[in-house]
Amino acid sequence: MIILGIESSCDETAISIIKDSKLLANVVSSQIDVHKKYGGVMPEIASRLHLENIGFVLKKALEDANIKIEDIDAVAVTRGPGLIGALHVGLQAAKTISLMYNKPLIPVHHLIGHIYANEFIENFEFPMLCIVVSGGNTEFVIMEKDLDFKIIGQTLDDAVGECFDKVARVLGLPYPGGVEIDKLAKLGTHKYLFKSPHADGYNFSYSGLKTSIINEVNKLKMRKEDYKIEDIAKSFQDVAIDVIVEKAKKACKEYNVKMLCLAGGVSANSYLRSEMEKAFKNSDIKLLLPPLWCTTDNAAMICKAAEHLYKEKIFADLSLGVDPNWQIEDFKDFKNN
Ligand code: KG4
């Protein structure tokens, strides 16, 4: 079975081709250098660049896989969540391929893709806890079986990645800020006491942490005190991440978890990865850390999720629209249609 997957939810135009779980092509055209100039992703520019790039990305993927487009068995596409205009580019390309070559159209949830990226390392064992940490989401998701998602906790305001990006901006660092903070924190000392993002149960609240850093930096500047941004980065990163690790330990016990995975852009964070490894080193729970290339947007993960959706015959017709705010739990409604 050959699936062609398309991902265009944010600032990467990506197309991959998978054959019986083996990746034949994985092409990613990143727009990051363009958006960097603006300090963040500009939605209108993102849509235009997807339109410009999607043709050659498709051509390159077919060449790399050494197949003809008619050889595919299905076309899968991210239909949300993401930027509305950006999502539409991928969806229209997928619908065109589906119509022209009479292939089933598979709608994929972006975060389900990030979760299934972990299957490039190992097959899943259930119950499984998925910690989805990205620029738009901070969610603890329990899977009792394939394609079954229950949110047990989430952020009540800002996402953890958004918080990394905003703090980076306050510190004068370029976009995407998470990578820069990760690097600087390695050189810093935990000197400052910032507000913990802890909230009830498995929930989080990152907006207070962001404000406490803005206040501290303003105070230091007003008083003309010397400070090292490395120390602020380290003090911030510790509180931003430690709470995730602590809640993960609790959730694993409560839900009898056999396997645990990280997913999304922030899962590239070196401190989060090492703290999770430390926390679960001597336990029976298997920890999956996605390969670094899978923590940024790509279509290989869309293909991986699509293999499961294909088996369940979860197909859409040509009336399929994008859903910029598609919740992972609402995926069930789509499944039952
Ligand atoms: O949201 P995301 O998964 O990408 C999209 O779906 O578009 O990942 C982007 C987020 C950004 O907030 C970025 O700052 C963060 O992931 N990020 C990191 C690191 N690398 C990327 N945050 C912390 N540490 C990192 N090493």
Side-chain angles (χ1 to χ4, degrees), residues 7-14 28-32 34-36 39-43 46-47 49-50 78-87 90 108-118 130-139 141 154-155 158-171 173-186 188 197 206 209-210 233-234 236-245 261-276 289-302 305 324-326 328:
E7 156 65 40
S8 69
S9 66
C10 191
D11 56 352
E12 263 99 26
T13 319
V28 182
S29 167
S30 175
Q31 311 171 356
I32 206 148
V34 178
H35 297 292
K36 233 178 200 162
V41 178
M42 302 298 283
S47 314
L49 290 174
H50 283 309
T78 306
R79 76 171 282 256
L83 302 171
I84 188 162
L87 288 164
V108 183
H109 189 289
H110 181 76
L111 298 178
I112 295 178
H114 270 303
I115 290 172
Y116 274 99
N118 285 286
C130 312
I131 299 180
V132 182
V133 277
S134 72
N137 297 79
T138 311
E139 283 170 8
V141 179
Q154 58 193 316
T155 181
D158 293 353
V160 57
E162 188 183 350
C163 189
F164 266 90
D165 293 338
K166 285 181 177 163
V167 168
R169 200 185 284 207
V170 172
L171 298 177
L173 302 169
Y175 175 83
V179 186
E180 301 295 324
I181 290 193
D182 192 350
K183 275 190 224 152
L184 287 175
K186 287 186 183 136
Y206 278 95
L209 171 58
K210 175 192 69 191
K234 172 70 179 149
F236 157 68
Q237 185 174 266
D238 285 356
V239 270
I241 299 295
D242 288 348
V243 64
I244 299 175
V245 180
C261 78
L262 295 182
V266 182
S267 67
N269 184 268
S270 59
Y271 179 66
L272 173 60
R273 293 169 85 94
S274 65
E275 287 302 293
M276 289 294 280
L289 297 176
L292 283 179
W293 67 267
C294 261
T295 61
T296 51
D297 287 348
N298 63 84
M301 65 187 199
I302 301 305
N325 301 311
W326 203 11
I328 204 165

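Since we're looking at a predicted model, the values are computed, not measured. Read the numbers this way: they start at 1 and go in the same order the structure lists the ligands and their atoms.
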Just by modelled atom types, is the Val108 backbone N or O under 3.5 Å from a matching donor or acceptor in the Thr78 side chain?
-> no
Side-chain donor-acceptor pair under 3.5 Å between Glu7 and Ser9, yes or no?
-> yes
Leu173 side chain reached by Leu184 side chain, heavy atoms, under 4.5 Å = yes
Nearest protein heavy atom to atom 22 (N) of ligand 1, by residue and atom, and its distance?
-> Gly178 CA, 3.4 Å
Among all protein heavy atoms, pick the one closest to atom 15 (C) of ligand 1 and tell me residue, atom and distance.
-> Val266 CG2, 3.9 Å
Atom 5 (C) of ligand 1: the protein heavy-atom neighbour that sits closest, reported with distance to 0.1 Å = Asp297 OD2, 3.2 Å
Taking only Lys NZ, Arg NE, NH1 and NH2, and the carboxylate oxygens of Asp or Glu, determine whether Asp165 and Arg169 approach each other closer than 4.0 Å.
-> no
His50 side-chain N/O to Gly90 backbone N/O, donor-acceptor pair under 3.5 Å | no
Hey, does Val245 have a side-chain heavy atom less than 4.5 Å from the side chain of Met276?
-> yes
What is the nearest protein non-hydrogen atom to atom 8 (O) of ligand 1, stated with its residue, atom name and distance?
-> Gly265 CA, 3.2 Å
of all protein heavy atoms, closest to atom 1 (O) of ligand 1 is Gly135 N, 2.6 Å
Quick one: look up the protein heavy atom nearest atom 26 (N) of ligand 1 and list residue, atom name and how far away it is.
-> Asp182 OD2, 2.9 Å
Asp158 side chain vs Cys163 backbone, donor-acceptor pair below 3.5 Å | no
Report yes if some heavy atom in the side chain of Glu12 is under 4.5 Å from a heavy atom in the side chain of Asn298; otherwise report no.
-> no
Sub-4.0 Å atoms of ligand 1 with respect to non-hydrogen atoms of Asp165 = 11 (C), 12 (O), 13 (C), 14 (O)
Using heavy atoms and a threshold below 4.0 Å, how should the contact between Cys10 and ligand 1 be classified: side chain, backbone, both, or neither?
-> side chain
What are the atoms of ligand 1, with element, lying closer than 4.0 Å to any heavy atom of Ser134?
-> 1 (O), 2 (P), 3 (O)
Would a distance-only check, ignoring hydrogens and angles, find a side-chain to backbone donor-acceptor pair under 3.5 Å from Glu139 to Val132?
-> no
Using a strict 4.0 Å cut-off to heavy atoms of Gly161, name the atoms of ligand 1 that fall inside it.
-> 12 (O)
Quick one: which ligand 1 atoms are inside 4.0 Å of a heavy atom on Gly264?
-> 3 (O)
Below 4.0 Å from any atom of ligand 1, is there a heavy atom belonging to His110?
-> yes
Record the part of Glu12 in heavy-atom contact with ligand 1 below 4.0 Å; permitted values are side chain, backbone, both and neither.
-> neither
Which bit of Asn269 is near ligand 1, meaning a heavy atom under 4.0 Å away: side chain, backbone, both or neither?
-> both
Indicate the ring-plane relationship of Phe164 and Phe236, choosing parallel, tilted or perpendicular according to the 30° and 60° boundaries.
-> perpendicular
In terms of atom number and element, which parts of ligand 1 are under 4.0 angstrom from non-hydrogen atoms of His114?
-> 3 (O)
